[in-house]
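Below, each value reflects all heavy atoms present in this structure, side chains not excepted, and no hydrogens, waters or symmetry copies.
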Amino acid sequence: MLVPLARKDHPIGMSSLKKLLSTWWHFLVAVQLLPALEGGEETLVGGQAVLEGVMMRSPHAWAIACRKPSGEISTHSEPLERLSEKHKWMGWPVIRGVMTLGHAMTLGFRALRFSANAALDELQEEPVSAGKKKFEITGWMAAVNIIISVGFFIFMYKFLPLVAATEMKKVAPIFSGQIMFNLVDGVIRLLLFLFFIWGVSLLPDIRRVYEYHGAEHKTVFAFENGDAMETGAVQRYSTFHPRCGTSFLMTVMIISIGVYTLIPVTTFWARFAVRIALLPLITGLSYEIIRFAAKHRGSLFALMTAPGLWMQRITTKPPADAQAQCAIDALNLAMSLEKEHGGELVIA
C-alpha cells in the first residue's frame, strides 16, 4: 500500500552516513525502551511501536507496518506459536508472565530490526554494485545491541540505585533499616526510569515512536470495542491502555520494593545479587497483577497499576492519521493470519 508523504515531512531526510548512524542510534535507544513500548499478552491482541511504524500481534500471528522515507508502507507478517499451547507448564501463573515477556521481547526486537532496516534500505540511494551488500542491522549487530541493553538495564536500574542508597545510608543512619533502605533504593530507581523516558522523549525521532505507541493503543481500543478499522474511528480513543508495557514496568518497580524488603541480606553485593536473581519472580508477579487489574478495573490491584497509566502521558503521544493507518494495517494483517491459524480470541 502506498500513502505518499512529502519527504521534507518525514524525519529521515538528511543524507547518507549521518543518517545511517542516526537510524542505528535511534534503533539502540528504542531497544532500551522495548519493555515500555510493548503491551498485551498471548491470549489478547496487543502491539508495539517501532521506528516509523507499529507491530501488532494476535494469539497466533504477528504483523508489522512501517513507513519508509518515500511514504511507502512496508509490511511483513508471520504466523505465531503460542507457548502455552506447546508447553502447558508455560501457562502456569507467574511462570506465564516470564515466558510471555521473554517471547514478546524477542518478537519486539525482531520488529524493531525490521523497521530499522526498512529505513536504512531506502536511505542508501546509490545502486549496490555486484557482490556489495547494503548496510543493515545484521545478526551480530543485533547481538551487540542486546548485550548493551542488558548491561544498561542492570547498571541503570539495579547497580546505580543500590550505590546511591548505600551512600545515603552512610550519611544518614535513618536509612539503615531494611524497609527504609529498600524504599530509598526503589524511589531512586523510579526517578532514574522517569528521567530516562522523559529525556529520550525530547529526541524528535523517539517522540515519533511515542506517537506510534499512541496509534497502537488507539487501534487496540477500537478493535476491542468492535469498531471499524478506519482512522476516524480509531482516533476517537485514548492513547492510555491498561495493558501497556509502561504500566508493567511501573508495577515491576513498585512490587520489587516490597519483595526486596522481605529478603534479609545487608551487604552490598548480596543485595545486588538478590536484585538480579529475583527479577524473574517479580516479573511473573507483576504480570499477574496487570492481568487481574485489566479485568477488574475497580480493584485494589488496579490502583497499583494507576502510576503506569499516568506515565503513558510521556510514553504515548497523539498520532497523526498516517501513523494510525500504520497501526490499522498491521492489525488487519495480523488478524488475517489469525483467521487462518487461530483459535478463540479473548477480549479483556
Side-chain angles (χ1 to χ4, degrees), residues 1-5 7 9-35 37-38 47-57 61-80 103-150 152 200 203-213 215-216 322-323 325-327 329-331 333-334 337:
M1 175 180 179
L2 295 179
V3 183
L5 285 180
R7 185 173 283 268
D9 293 332
H10 197 281
I12 305 174
M14 311 170 328
S15 91
S16 277
L17 181 59
K18 184 178 179 182
K19 295 192 84 180
L20 297 177
L21 293 174
S22 175
T23 301
W24 180 82
W25 164 248
H26 290 120
F27 170 75
L28 180 59
V29 173
V31 171
Q32 316 300 329
L33 292 168
L34 255 182
L37 298 175
E38 193 278 334
Q48 175 195 306
V50 294
L51 301 178
E52 287 301 315
V54 175
M55 182 270 285
M56 287 288 194
R57 77 173 186 278
W62 72 281
I64 181 172
C66 56
R67 197 178 295 278
K68 293 183 176 182
S70 64
E72 177 186 359
I73 295 182
S74 178
T75 62
H76 176 76
S77 61
E78 291 180 20
L80 190 63
H103 192 227
M105 292 287 287
T106 302
L107 188 61
F109 188 83
R110 288 182 62 194
L112 265 178
R113 183 181 170 190
F114 177 89
S115 68
N117 284 334
L120 290 173
D121 182 63
E122 195 160 311
L123 288 175
Q124 299 170 85
E125 298 172 353
E126 295 180 4
V128 181
S129 59
K132 185 179 179 181
K133 294 183 178 180
K134 286 190 175 183
F135 179 81
E136 62 178 11
I137 306 294
T138 60
W140 72 266
M141 290 179 66
V144 169
N145 275 309
I146 291 174
I147 292 170
I148 292 173
S149 299
V150 171
F152 176 85
V200 297
L203 300 172
D205 283 353
I206 299 302
R207 183 180 177 85
R208 285 185 64 84
V209 172
Y210 287 170
E211 289 168 0
Y212 279 103
H213 194 195
E216 179 247 313
Q323 292 169 312
Q325 188 61 54
C326 278
D329 287 355
L331 183 56
L333 277 172
L337 265 183

Practice prompt. Specify the closest pair of heavy atoms between Ala118 and Cys66, including all atoms of both residues, with the distance to one decimal.
Written response: CB-SG, 3.8 Å
Item to complete: Go through the structure and list residues passing side-chain contact (heavy atoms from CB on, under 4.5 Å) with Ala111, not counting sequence neighbours.
Response: Val50, Met55, Trp62, Ile64
Discussion item. Using every non-hydrogen atom in the two residues, find where Ala215 and Ala327 come nearest and quote the distance to one decimal.
Written reply: O-CB, 3.7 Å
Item to complete: Could you list the residues that satisfy salt bridge (charged side-chain N to carboxylate O under 4.0 Å, His left out) with Arg113, not counting sequence neighbours?
Response: none
Item to complete: Output, in order, the C-alpha distance, side-chain angles, deciding distance and verdict of side chain to side chain contact (heavy atoms under 4.5 Å, CB included) for Leu80 and Leu107.
Response: CA-CA 10 Å; Leu80 190 63; Leu107 188 61; 4.2 Å; yes
Fill in: Residue pair Ser74, Phe114: steps toward the side chain to side chain contact (heavy atoms under 4.5 Å, CB included) verdict
CA-CA 10 Å; Ser74 178; Phe114 177 89; 3.6 Å; yes
Worksheet item: Between the main-chain N or O of Gly71 and the side-chain N or O of Arg67, is there a donor-acceptor pair closer than 3.5 Å?
Response: yes
Worksheet item: What is the minimum heavy-atom distance between Ser77 and Ala63, and which atoms define it?
Response: CB-CB, 3.7 Å
Worksheet item: Looking only at heavy atoms, which two atoms of Tyr212 and Ala49 are closest? And how far apart?
Response: C-CB, 3.8 Å
Fill in: Flag, side chain of Arg208 to backbone of Leu51, donor-acceptor distance under 3.5 Å
no
Worksheet entry | Check: Gly108 main-chain N/O paired with Gln48 side-chain donor or acceptor under 3.5 Å | yes
Worksheet entry | For the student: nearest non-hydrogen atoms of Leu331 and Met56, plus distance | N-CG, 3.7 Å
Worksheet entry | salt_bridge(Glu78, Arg57) N-O dist < 4.0 Å | no
